[in-house]
Amino acid sequence: MKKYVILISGRGSNMQALLQAGLPGQCAAVISNRPDAEGLDFARGQGVTAVVVDHKRFPDRESFDGALMVEIDRHAPDLVLLAGFMRILTPGFVRHYEGRLLNIHPSLLPAFPGLSTHAAAIDAGVCIHGATVHFVTPDLDVGPALIQAAVPVLPGDDAATLGARVLQQEHVIYPAAARWFLEGRVGLEGGRVRMDGLAPADGALLSPTP
Ligand code: GRF
């Protein structure tokens, strides 16, 4: 059976969606860089090994990423899922997991990389916002997309209401992307997403009109 590891830093609602999705694989571990991440308790409650590699105990990014890699590789995962993991990763880390490292970002990339994406979308006056699951490449938030969900920006929205609408869709598309990967239906080849029996449009999820 394929194995996956989930990295979190906080709430862990995407991790929860992944663990409850009945994925065709075993979650070998949930790893947090913060000892107080709320998601750790949920993982333990599901009988999943949940461990902390506290970034504050390391002098620099390289040594933290090195320790994190040791902890991840202990489980020999086929797939590593970043689920609200709030650390910039070193190129060495990204290369090590190239082709088996996915992230979820709360915007329709390449629009609004980085933080505060919902406020940025409202400030920009866009009509459509959303979320993207993408392969991780050394540059922040620019890797090839596997699946995207679009949601409308509604009159009166603020970052919180828009973010909640996006998060609902994140919980749909991240398990879907993880399932495709674990089933061997998608992969990364020559910097592009390979899809077997899937068309790019299969990764375009439009939320129902409210
Ligand atoms: C999500 O919005 C995700 O897209 C972003 O960080 C947030 C994490 O939320 N990368 P949660 O911890 O999964 O609830």
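For ligands, and for the atoms within them, numbers begin at 1 and follow the listed sequence.
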Inset, instruction - Would you please say whether a donor-acceptor pair under 3.5 Å links the side chains of Asn103 and Tyr174? - result: no
Inset, instruction - Using non-hydrogen atoms of the residue, decide whether Ile8 is closer than 4.0 angstrom to ligand 1. - result: no
Inset, instruction - May I ask whether Gly12 places a heavy atom under 4.0 Å from ligand 1? - result: yes
Inset, instruction - Starting from atom 11 (P) of ligand 1, locate the nearest protein heavy atom and write down its residue, its atom name and how far away it is, to 0.1 Å. - result: Ser13 N, 3.4 Å
Inset, instruction - Could you find the nearest protein heavy atom to atom 1 (C) of ligand 1 and give me its residue, atom name and distance? - result: Glu170 OE1, 3.2 Å
Legend entry - Beyond-backbone contact of Pro152 with Arg165, side-chain heavy atoms, under 4.5 angstrom: yes
Inset, instruction - Report the relative orientation of the aromatic rings in His129 and His118; use parallel for angles under 30°, tilted for 30 to 60°, perpendicular for over 60°. - result: perpendicular
Legend entry - Nearest-neighbour protein heavy atom for atom 10 (N) of ligand 1, which is reported as residue plus atom name and distance: Ile104 O, 3.0 Å
Inset, instruction - State whether the shortest distance between N or O atoms of Asn14 and N or O atoms of ligand 1 falls below 3.5 angstrom. - result: yes
Legend entry - Minimum-distance protein heavy atom relative to atom 9 (O) of ligand 1: Arg11 NH2, 3.0 Å
Legend entry - Modelled atom types, side-chain donor and acceptor of Thr90 and Glu62, under 3.5 Å: no
Legend entry - Heavy-atom nearest neighbour in the protein, as seen from atom 8 (C) of ligand 1, with distance rounded to 0.1 Å: Gly84 CA, 3.6 Å
Legend entry - Side-chain donor or acceptor of Asp60 paired with backbone N/O of Ser63 under 3.5 Å: yes
Legend entry - Common cluster, Leu7/Ile104, ILVMFWY with side-chain heavy-atom separation under 4.5 Å: no
